[in-house]
Amino acid sequence: MRPLSFALPALVLMALLGACQDRDPPPPMEPVEGRKETRGIRNTEAIGYAGDAIADEVDAALDAMDERTSQLDAAIEAQTP
């Protein structure tokens, strides 16, 4: 009975490996839109909220804030001797 105890797990392993090879590869993931800060808002699309629309507005506000910060930093650097 000892040879059977080693053969059974080997057969199960080979069967599982053979089953894994028959699977189709997963579909490619779509690129993430927007900023990482609003990824959670965009995920609400899955439960029926307009997450993309809200996240687009938040992204626009964050982009405007970043642009204004860049302008202020440039003005400060221009005034510094």
Side-chain angles (χ1 to χ4, degrees):
M1 291 267 183
R2 187 131 183 119
L4 183 61
S5 65
F6 290 112
L8 186 60
L11 289 174
V12 171
L13 181 62
M14 287 191 298
L16 289 174
L17 289 175
C20 290
Q21 292 175 354
D22 293 339
R23 290 187 184 174
D24 292 334
M29 295 183 66
E30 295 179 14
V32 177
E33 294 179 10
R35 299 167 62 120
K36 69 178 182 175
E37 294 93 340
T38 57
R39 195 169 295 153
I41 297 171
R42 289 183 190 285
N43 290 340
T44 60
E45 286 283 328
I47 57 173
Y49 289 103
D52 285 340
I54 295 168
D56 288 342
E57 291 182 23
V58 173
D59 283 345
L62 291 172
D63 290 342
M65 186 177 70
D66 289 345
E67 179 63 30
R68 180 65 179 148
T69 302
S70 295
Q71 290 173 353
L72 291 174
D73 288 344
I76 290 171
E77 288 180 15
Q79 292 179 358
T80 306

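Because only heavy atoms are used, hydrogens play no part in the values below, and waters and symmetry mates are left out as well, while side chains stay in.
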Would you call [X] and [Y] a side-chain contact if the rule is heavy atoms closer than 4.5 Å?
X: L62; Y: E67; value: no
X: D56; Y: R42; value: yes
X: E37; Y: D59; value: no

Task: Worked check of side-chain contact (heavy atoms from CB on, under 4.5 Å) between V58 and R35 - done: CA-CA 9 Å; V58 173; R35 299 167 62 120; over 6 Å; no
TODO: Starting at CD1 of I41, measure out to CD of E57 and round the result to the nearest 0.5 Å.
DONE: 10.0 Å
Open item on the list: Restricting to side chain to side chain contact (heavy atoms under 4.5 Å, CB included), what partner residues turn up for L72, sequence neighbours left out?
Closed with: R68
TODO: Could you list the residues that satisfy side chain to side chain contact (heavy atoms under 4.5 Å, CB included) with Q79, not counting sequence neighbours?
DONE: none
TODO: Of all the heavy-atom pairs spanning I76 and T80, show the shortest one and how long it is.
DONE: O-OG1, 2.7 Å
Open item on the list: I'd like to check the salt bridge (charged side-chain N to carboxylate O under 4.0 Å, His left out) partners of E45; sequence neighbours left out, ordered by chain and number.
Closed with: none
